Number of protein chains: 2
Amino acid sequence: MKFTINRSRFIQELQTVQRAISSKTTIPILTGVKIVLTSESLNLTGSNADISIETFLAVDDEKAQMMVESPGEIVLQARFFSEIIRRLPEDTFTLEVLDNYQVAITSGAAEFTVNGLDADNYPHLPVVEEQNQLKLPVHMLTKLISETVFAVSAHESRPILTGVHFTLDNGQLLAVATDSHRLSQRIVPIENATADFNIVIPGKALVELSRSLPDEEAEIEVSIMDNQVLFKTPTMYFYSRLLEGNYPDTNRLIPNSFNTEINFSGPALLAAIERASLLSHEGRNNIVRLAINADSVVLFGNSPEIGKVEEELVYEEVTGDPLEISFNPDYMKAALRAFGDMSIKIRFISPIRPFTLEPTEGEASFIQLITPVRTN
Amino acid sequence: MKFTINRSRFIQELQTVQRAISSKTTIPILTGVKIVLTSESLNLTGSNADISIETFLAVDDEKAQMMVESPGEIVLQARFFSEIIRRLPEDTFTLEVLDNYQVAITSGAAEFTVNGLDADNYPHLPVVEEQNQLKLPVHMLTKLISETVFAVSAHESRPILTGVHFTLDNGQLLAVATDSHRLSQRIVPIENATADFNIVIPGKALVELSRSLPDEEAEIEVSIMDNQVLFKTPTMYFYSRLLEGNYPDTNRLIPNSFNTEINFSGPALLAAIERASLLSHEGRNNIVRLAINADSVVLFGNSPEIGKVEEELVYEEVTGDPLEISFNPDYMKAALRAFGDMSIKIRFISPIRPFTLEPTEGEASFIQLITPVRTN
């Protein structure tokens, strides 16, 4: 294999597959990036136990300025290789596989010779069966991920909760995540799906997927296999394993009758919660207290050592019974960040029952749930 | 004490004194910022065992929008206080000392009540004797610091080497730092100094001083006391303790006859050293090798596991004997960074004797020394 390529274009590709490469793996060859050059494209692959990413760069890509002398393949230690490429002196570099898996990397007067590995020993990626597919816009998928993934569990005690549950049923794609203290659920309509499905994708894989996707308006194709899911764009394949086990029935958790309802501007409430949590974070229990009355809504935070904070909140509308309720401000902050600039409606049953947050407009397609903290 | 002030102007002041405040101190009151309001100015103080910073904000400062109701003083836990101020909702806030050193901080609807400490218990800063002073431009001081401080020792085994040695003698201010492997020395002419001196200022203090100084063209006044130095600007006092002990005689270390001399563009050599050090960092000995001949200069780096790099360097001029020499690339990188964009001259005696680096023009006022590594 021997080719010359534009350095910054190559770095882009390398960055994408590096998201899947960990230096902590127990399989040494997986610390490497697999480089395959055919007459049509330069393909890079990175993988760990959970996700694999493959990129395709056409040899006639204009920015890549590629000159192919001979096809071939090699595996190079990803971290070093990337640091070397970044520091090369010229805009382009030449990579050539020599004998014994040695690789020469030259750019201007700088000449690196590094040890590579036989690409035949690199694990094979799952074979994709072209079935059980759906297509959706990239921006819809990234939004769906950002609105739910923060609510997955960070603990491995119930592994199934570390993923986001996706179900396709009746032309509706439902994504839900919960760590058993809070929950976030989003529903979007889907056209042209070939078959219903019910899968749990690890939260970490979804975060990396989001970061790897292009910003442009484009479609992504999702193929679901037995224990894998594949996200396909014209220039990238992103594989993730699926979590095994039954996801809890979250639908029954969402209440539908309430006693108190209040509407806020999301960003204003978030700023107040952030202030109150400055002190609650120092207390033994990280909680803030909200007191809702017909004519005032007040938020309290305190820490015995540092002091306390009290803030009369600006709200849009309040209806129903007065209420005092305490909760973990960190769950509230994460929930409000997911709503962005929206105006939101919070509905309560009682101080000890989970409460819901929804956009004031377009409710039911996006709902969050937070469990309060009992204080007596 | 009660006053209202512009939030972002106050944050500026607080940031400056926070450089001196550590949360790890064994003296609890030093985790606090001392706030003193007189009829003329608002003064903040932060301090640790090594440095103290005091800032002065005139009550009629335009951007500060100050409204003073009553003077007074208090000490507030610095980290929390600063986080609270940052998150307040309005452009201004009001601070009022209540009974029992409680302090109310209000801004819009947000009302914090935090526990303060009696300012009488805050340690007194050293009394400044108005003698042994010199004045120099701020930009000259910050340049002097950045050109030397990187070469101080990071190890406490010889504490005196953790500081920069400043001597004023014959109208010349000489600053020198060495960790015994490399040395950096800068000389600047000084007018109007009242008396010669010979002091060692801790490197860490100089780094914080540099960061605290304004960017504008201004003069700074330096007052030297028995075991303290004070840097004065119209809006800030910066105190540092001095290191005790005799600084080694570095003058005799600098050689003055050489056998090989070569001129480089500083940035080009730096880029090549950075490439070579990618591999040397992985080897057991972190060294790179330079081979100088009449018609070529080549830099080598290698790591048995990863590979090797070889680069023919572009140089401006070479004279004298051929030479092969090995050195730690990290010392070379730090030295070259201190020279910035300059063209530099490197002069060698032999593979086992320290070599010098100087700007091609204006030599003698700025010189660096690096000890090579013997490879056989």
Side-chain angles (χ1 to χ4, degrees), chain A residues 28 31-32 76-77 79-90 93 98 101-116 267-279 281-282 296-315, chain B residues 28 31 76-77 79-90 93 98 100-116 267-279 281-282 296-315:
Chain A
T31 63
L76 290 174
Q77 211 282 334
R79 188 167 58 87
F80 274 103
F81 180 49
S82 133
E83 286 180 8
I84 288 170
I85 302 299
R86 272 167 217 283
R87 297 207 179 269
L88 292 175
E90 306 284 329
F93 71 93
L98 313 172
Y101 309 112
Q102 293 248 300
V103 175
I105 302 163
T106 47
S107 180
E111 196 173 326
F112 284 84
T113 312
V114 298
N115 305 319
L269 180 60
L270 176 58
I273 298 278
E274 282 175 338
R275 282 189 281 278
S277 71
L278 282 180
L279 296 180
H281 275 168
E282 294 307 301
S296 80
V297 178
V298 184
L299 184 68
F300 301 89
N302 86 89
S303 136
E305 279 143 42
I306 312 294
K308 60 181 184 175
V309 53
E310 192 177 321
E311 181 163 352
E312 192 158 332
L313 301 183
V314 177
Y315 55 90
Chain B
T31 63
L76 290 175
Q77 211 280 334
R79 188 167 57 88
F80 275 104
F81 180 49
S82 132
E83 284 180 9
I84 288 170
I85 302 299
R86 271 166 217 285
R87 297 208 179 268
L88 291 174
E90 305 284 329
F93 70 93
L98 313 171
N100 295 319
Y101 310 111
Q102 292 247 301
V103 174
I105 302 163
T106 47
S107 180
E111 197 173 324
F112 283 83
T113 313
V114 297
N115 305 318
L269 180 58
L270 177 57
I273 298 278
E274 282 174 338
R275 281 188 283 277
S277 71
L278 282 180
L279 296 181
H281 276 168
E282 293 308 300
S296 81
V297 178
V298 183
L299 184 68
F300 300 89
N302 86 89
S303 136
E305 279 144 42
I306 312 294
K308 59 181 184 175
V309 53
E310 192 176 321
E311 182 165 352
E312 190 157 334
L313 301 183
V314 177
Y315 56 90

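What you see is a predicted model; the values in this text were computed from it and never measured.
At a 4.5 Å heavy-atom cutoff, the contact between B:Glu83 and chain A is made by backbone and side-chain atoms alike. Using a 4.5 Å cut-off between heavy atoms, B:Glu305 contacts chain A through its backbone alone, with no side-chain atom that close. Heavy atoms closer than 4.5 Å to chain A are found in the side chain of B:Leu279, but not in its backbone.
Contact tally against chain A (heavy-atom pairs below 4.5 Å) for B:Ala268, B:Ser303, B:Ala110: the top residue is B:Ala110. Chain A forms the most heavy-atom pairs under 4.5 Å with one residue out of B:Leu278, B:Val114, B:Val314, B:Asn302, and that residue is B:Leu278. If you tally non-hydrogen atom pairs under 4.5 Å between each of A:Glu312, A:Arg86, A:Gln102 and chain B, the highest count goes to A:Glu312.
Inter-residue side-chain proximity for A:Val298 and A:Glu310 is flagged as met; some heavy-atom pair is nearer than 4.5 Å.
Atom CD1 of A:Ile306 is separated from atom OG1 of B:Thr113 by 13.0 Å, given to the nearest 0.5 angstrom.
Heavy atoms of other residues, nucleotides or ligands lying less than 6.0 angstrom from CZ of B:Phe300 number more than 12.
No donor-acceptor pair closer than 3.5 Å links the side chain of A:Thr31 to the backbone N or O of A:Gln77. Under the 3.5 Å distance criterion, the side-chain polar atoms of A:Arg275 are matched with a main-chain donor or acceptor of B:Arg87.
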